[in-house]
S.K.: 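Here it is, the structure, as structure tokens.
Computed from heavy atoms alone, side chains included, the values below leave out hydrogens, waters and symmetry copies. The chains referred to below are lettered A, B, ... by the order of the sequence lines, with proteins before strands, and numbering in each begins at 1.
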Amino acid sequence: MSDVIDIEAIKLSNAQIAWRAAQDIEDGAYVNLGIGFPEMVAKFQPKGKQAIFHTENGVLDFGEAPAKGEEDWDCINAGKKAITIKPGTAFFHHADSFAMVRGGHLDVAILGAYQVAQNGDLANWSTGKGGVPAVGGAMDLVHGAKRVAVLTDHCTKKGEPKLLAACTMPLTGVGCVTRIYTSLAVVDVVDGGFVLREKIPAITLEALQAVTGAPLGTEGPVGELICPEELK
Amino acid sequence: MSDVIDIEAIKLSNAQIAWRAAQDIEDGAYVNLGIGFPEMVAKFQPKGKQAIFHTENGVLDFGEAPAKGEEDWDCINAGKKAITIKPGTAFFHHADSFAMVRGGHLDVAILGAYQVAQNGDLANWSTGKGGVPAVGGAMDLVHGAKRVAVLTDHCTKKGEPKLLAACTMPLTGVGCVTRIYTSLAVVDVVDGGFVLREKIPAITLEALQAVTGAPLGTEGPVGELICPEELK
Amino acid sequence: MDKRLTSPAEAVAGIKDGAVVMIGGFGGSGAPIELIHALIDQGAKDLTVINNNAGNGHVGIAALIEQKRVAKMICSFPRSADPVVFTEAYLAGQIELELVPQGTLAERIRAGGAGIPAFYTPTSFGTDLAKGKPVEVFEGRPYVQERWLKADFALIKAEAADPHGNLTYRMAARNFNPIMAMAATTTIVQASRIVPLGGIDPEQVVTPGIFVDHVVEVAKPAQEEELNRAGAVYP
Amino acid sequence: MDKRLTSPAEAVAGIKDGAVVMIGGFGGSGAPIELIHALIDQGAKDLTVINNNAGNGHVGIAALIEQKRVAKMICSFPRSADPVVFTEAYLAGQIELELVPQGTLAERIRAGGAGIPAFYTPTSFGTDLAKGKPVEVFEGRPYVQERWLKADFALIKAEAADPHGNLTYRMAARNFNPIMAMAATTTIVQASRIVPLGGIDPEQVVTPGIFVDHVVEVAKPAQEEELNRAGAVYP
């Protein structure tokens, strides 16, 4: 289990993963951030690159969270957290909101994951273990956005790979993921296989492959995945 | 040909037909009037009965035509005639406008006709003789409205029946017409057949049947179709 | 031609046992709390309720479920900050759940309002939620066939309403309200303000009155999130 | 992140021969005359044009047809007060026509924008316009399957626009403009006024900027009906 212990020590924090994902968002991109962890991406927009955020419940180009006590609960995001308006904000109804999603108008959707398969299959809505099932907008978001990116720990808490040959949990979407930002690497899905784009310097390719459930191909040199230390 | 000549003398004017149709519109009804002759119906709303008019290009509850020279050509109806706004008017886009039509939200659609069949088939968009075909909203209006009424001369200019066993011209819709206001009678379509509700006093049932292309049934007494003389 | 009624109780009086009821709102925003509570008082049961969620805390839809009036929920996300009421009823087998992806839910409702009995979407293809649904390939890509959703009643929260039922909404409280208003046989609206006819700019009407049957003014309406943060329980 | 361009000529520069172009408007209301005339000047040909009509008089779409740039029209009503240009081209076999019922046209465009490849409608069932289209029975009633419509470009006339492309429309000039803005790869807008970001109330935005690529201000735009009543000819 020494590999697992090493990885816990060297892996990126969620904030660092979110920071890395934020670096890929083009100026002017329309972006939907999934509820929870992916919402952190908004904090790390590089200077000079202005993304416009969409939330499923009918708001485009909203502002930051209000100060505590200043919330207007009619002005929330899909995570039911309070947001604010700013110059450029637009409100619209739910069918129009999902026309934006499903009609291919988003440039990027960034989601969390339980599992991602090498063909781009995503499982992120149900562990399949019972309880109350809930899907929200996840199955919609994986279709329509030009890029579907995933933020995830490279392994489960038990040290098992989350990047797999095939998902074992119920699918959210088939062949939908284009890029995975993990706590150890940046991996693309290309023609049914994983292609390693970047890895943290502290891990070897062999060690990374050992905690990945399907072959990590390469195309040209693998970049160094270096994130701000203060986000650790 | 003496029958034809008689009929030309005794038949109702278009204004009288429109007047008769207007009497059946309930207070608060949402109504679409087809381009041309049916538009006259708006003029004859009975006192105390307020209909709300819909036009396909995205206006509900519009006002009367403006005075000549006062037209705003961004404020028109489906016939491209200038209309006005009034308290209660709403503008919306074309898909929403036809959601009203096709979603069953109109109480009455009133259309012109080339031919109506005893099963309610309507032909009113093409004579089938070539030239430039144009359909507009006719095929939409015949579906969705709770009542689909037709205003028409009882016969063609050549004296041929327009109420037929089956349409010979290209159909606008199948089994869609519920009531026909003609220059001689008011006829319902019931279970695949014509039922005579009213006829003008000057014509006998036999003479009326003679200019009708399918059997005119009756259910109970046939009313007298009497319209204001000043509209002749 | 005046759609105004005097109270939420009068507005919901016609809802019968077994009715299918769409209820606007997303979480607490846009939830017509006073209409829902009037429906609880009214007593109708065996309801099928369509909403994005399945109630939060012990007010609104959660209270309706807690009072055992709901036989079935059709929703996308039956979880919330405090989902105990639905969770307990579901795990006890007391309530049926039809889980629908959120965009598909919105589109099915809009289809119900627009007279479209079925449409195709890529959403849910290849997942458990597409099981049993027809699949068709268009331009080389597979799509799932989904059916319209309609309701007997819709309970809607609006900001301003005029006597003909033209409506506006407040901020993100719009959400499902305009499409549900289209998809019900009888649409019942609570509005924070009733304005005279002409009081809403014709270009700013969000829901035209043709989709609305009854309007009741509820000035200063309760906000579900605020009720829950205060620990409110209904009745 | 500023979608403003300086002229109609710059806005339409990227439209290539053979492009599919949606053009907003219903009759003269909402017709983006300056963009259409810039497209005539630009020279692209073999275009497929989607509009409710097929031009009136000798300006706008009629002028585009008269200059022999249009290979095909997709529309519901290719007639107008003065339809001579389209009529002559059609009867001479110089232009193809796909005739679509008006509501089906609107819904096909909206479907294109919403990612719905096909839907069912009762409209046109049993008529010549349904020939060759699949029919399916839902709840005992037959419906025709219709496909989405998309375009390479949409030419849109708006009233106000902000630099991110949020739009409002003037009165009934709204018509097809908002749905066409959704259904094109590149949406080009002429607005009578460009306002600063924040100049449109978030609740009053009709077309959110996500559907818009380029915005150009055309103050005091020409109105097609007025041009035709004055006997205008372009170029």
S.K.: Report the option among C:Lys3, C:Met1, C:Met182 that has the most heavy-atom pairs separated by less than 4.5 Å from atoms of chain B.
M.R.: C:Met1

S.K.: In terms of heavy-atom pairs under 4.5 Å, which option from B:Gly104, B:Pro87, B:Gly144, B:Gly28 contacts chain C the most?
M.R.: B:Pro87

S.K.: Are side-chain N/O atoms of B:Gln115 and B:Thr168 paired as donor and acceptor at under 3.5 Å?
M.R.: yes

S.K.: Side chain, backbone, both or neither: which part of B:Ala95 has a heavy atom under 4.5 Å from chain C?
M.R.: both

S.K.: So for atom NZ, which belongs to C:Lys131, do other residues, nucleotides or ligands contribute more than 12 heavy atoms lying within a distance under 6.0 Å?
M.R.: no

S.K.: Could you check which of B:Leu60, B:Leu106, B:Thr89 has the highest count of heavy-atom pairs closer than 4.5 Å to chain C?
M.R.: B:Thr89

S.K.: Would you indicate whether C:Lys45, at its atom NZ, is surrounded by more than 12 heavy atoms from other residues, nucleotides or ligands within a distance under 6.0 Å?
M.R.: no

S.K.: So which of C:Gly115, C:Gly198, C:Ala114 has the biggest tally of heavy-atom pairs under 4.5 Å with chain B?
M.R.: C:Ala114

S.K.: Give a yes or no on this: more than 12 heavy atoms of other residues, nucleotides or ligands lie within 6.0 Å of atom NZ of C:Lys16.
M.R.: no

S.K.: Ring centres of B:His105 and B:Tyr30 under 6.0 Å apart?
M.R.: no

S.K.: Quick check on B:Asp107 against chain C: is it the side chain, the backbone, both or neither that has a heavy atom closer than 4.5 Å?
M.R.: neither

S.K.: Is a side-chain donor-acceptor pair under 3.5 Å present for C:Glu136 with C:Tyr120?
M.R.: yes

S.K.: Against chain B, label C:Lys150 side chain, backbone, both or neither, depending on which of its atoms sit under 4.5 Å from a heavy atom there.
M.R.: neither

